[in-house]
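Hydrogens, waters and symmetry mates play no part in the numbers below; they use all other heavy atoms, side chains included. Numbering of ligands and ligand atoms starts at 1, following listing order.
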Amino acid sequence: MRSYWRNFIGGEWVDAADGRRIPILDPATGEIISEVARGGSADVDRAVAAARRTFESRVLLEMTPAARGELMFEIARQLDGFADEIAEVEVRDNGKTRPNGYKEVTLTQRYLRYYGGMADKLEGRQIPLGDGIIDYTVHMPFGVSAQIVPWNGPLPVGARSIACALITGNTVVLKSPEDSPLSLFLFAEACERAGVPKGALNIVCGYGAETGAALVSHRDIDHIVFTGSVETGKSVLRAAAERVIPCVMELGGKSAGIVYADADLDRTAKNAARGIFFHSGQICSAASRLIVHRSVHDELVEKLKAEASIRTVGPGVEGCDMGPVISEKQLSRIEGLCRAGIEEGAKLVSGGSRLEQPGYFMPPTIFSGVTPKMRIANEEFFGPVLVVIPFDTPEEAVRLANGTDYGLAAGVFTRDLRLAHWTADRLIAGQVYVNDWWVGGVETPFGGTKRSGYGREKGQEALLGYVQTKNVGIRL
Ligand code: NAD
């Protein structure tokens, strides 16, 4: 593990302008493992200026779209050489298990190759206006894209936005998350080796209220991509409104799976457990609520309890199934919300409080007997906590599933295809999974409805969030 990491600005690796640093903790031990340069507003100014210069030099736009695509393929190739180090830092600064650390690399490479392949396929339209006129549309980049990513999956979440921005000719200033910034620095090294033009990608690490706020309110950015919580998202939108710039907002979730009485309960229990316990529940689209037909409620809860009991919890370096949550602050929040659930009368089936050992470990936790008004039925834990709510009719199930402020993902478990369609049609969510959690991937558009945000990442549709349409009309 390197002891110190610098920010990447204008193609140079630089200390913070005022020399400050941020300590990076291993969430499995609570100990400091490294330091990063703490970017402040002077560093944000410098990064935005570098991105602006590179954008205005038109170096990306003078490349053919196919050449910009090739650049993405080359970054993906270069990442092969960083895979071991990335997996290591994902275990150490993020609390991922080692297999998941490696998966972050292959997922990032998938994004780069997918969007690299799209670079020369974003076509405009020709609009018929009659004799003597030629009219066509082109997709223009916005300019400098400011991007803010959260700590749970910085590498693939960051890389997919960077790839979309670069292949469409934008330049990027990304603020990496203060808790787990390291993998994105290795990504920047891969970009450097791949020959990404200096200043096209700039990465500044820093705290949200200081560095993040300085970036999103900067007078010289043209576009914002924000992934994080609803509360922070609102302040980002206020800053964007001041300058009337477009945003892609990927916010939180409280995603519900509806389990009908005819569902395969063994498979459903396995799927739902994976959907909530993977990466200790720190996934925005985690299966955090299960809405279960009353006739199979108790049987499914027993199966879920068994799933929770077979999972080992501990440091990723020890090969456990579930690692720590990111920080003491996050662990205390999760525990506090669990206490609220107990006080409000929910039944604790498993887990519920931290493991008494160094680091920030929360065991797989399940609440049953949850009612829709309880805080635990509405607030996002962003941890390994599942709430189970019974229902009697399909109409009630849909009403419960749609009954929170969020609308990111949703699921349906049934053998009845007609009922699956009926339900998917009525769920207000950006993605609906039937008979498995996370059906989809790099190719499928992903994003929120309601307070979960707007705009789409992933899939072909994401690219449209990085370009604006220009219409050219020519009288011959
Ligand atoms: P957060 O909102 O606290 O922080 C997200 C990022 O915003 C961090 O980099 C942080 O430094 C920065 N930030 C904080 N205050 C800021 C400010 N005033 N101005 C600008 N930037 C600021 O969220 P978090 O706790 O790091 O992440 C968890 C949240 O992210 C959850 O709600 C989760 O659901 C959501 N999330 C959503 C997706 C998605 O794609 N929909 C993916 C991952 C996480």
Selection residues 457-466 - residue pairs positive for salt bridge (charged side-chain N to carboxylate O under 4.0 Å, His left out), sequence neighbours left out: none
Tell me the salt bridge (charged side-chain N to carboxylate O under 4.0 Å, His left out) pairs involving residues 434-446, sequence neighbours left out? R110-E443, R274-D436
Checking S183 against E90: is there a side-chain donor and acceptor pair closer than 3.5 Å? yes
Would you tell me whether D84 and Y102 have side-chain atoms, one donor and one acceptor, within less than 3.5 Å of each other? yes
Would one find more than 12 heavy atoms of other residues, nucleotides or ligands at under 6.0 Å from atom NZ of K305? no
Just checking K121: does its NZ atom have more than 12 heavy atoms from other residues, nucleotides or ligands closer to it than 6.0 angstrom? yes
Tell me which protein heavy atom sits closest to [atom], plus the residue, atom name and distance to 0.1 Å.
atom	answer
atom 31 (C) of ligand 1	E380 OE1, 3.4 Å
atom 10 (C) of ligand 1	E178 OE1, 3.8 Å
atom 28 (C) of ligand 1	F382 CE2, 3.6 Å
atom 20 (C) of ligand 1	G212 C, 3.2 Å
atom 16 (C) of ligand 1	T232 CG2, 3.2 Å
atom 35 (C) of ligand 1	G228 O, 3.2 Å

Given [options], which one has a non-hydrogen atom that is nearest to [atom]?
atom	options	result
atom 27 (O) of ligand 1	A209, S235, P154, P150	P150
atom 1 (P) of ligand 1	P181, S229, A214	S229
atom 41 (N) of ligand 1	I148, L251, L215	L251
atom 42 (C) of ligand 1	G430, C284, S285	C284
atom 13 (N) of ligand 1	A286, G208, S255, A213	G208

Could E344 and K373 be called an ion pair, given the rule that one side-chain N must be under 4.0 Å from one carboxylate O? no
Between E328 and R354, does any side-chain N to carboxylate O distance fall below 4.0 Å? yes
Contact atoms of ligand 1, heavy-atom distance to V149 under 4.0 Å: 6 (C), 8 (C), 9 (O)
Subset of ligand 1 atoms that lie under 4.0 Å from at least one heavy atom of F446: 40 (O)
Counting only non-hydrogen atoms of the protein, does one fall under 4.0 Å from atom 25 (O) of ligand 1? yes
Does W151 reach ligand 1 with a nitrogen or oxygen that is under 3.5 Å from one of the ligand's nitrogen or oxygen atoms? yes
What do we get for K175 next to ligand 1 when only non-hydrogen atoms under 4.0 Å count, side chain, backbone, both or neither? side chain
I want to check a possible cation-pi pair here: R21 against Y4, using under 6.0 Å from ring centre and within 45° of the ring axis as the test. yes
Compute the centroid of each ring, for F446 and then for W438, and state whether the two points are separated by less than 6.0 Å. no
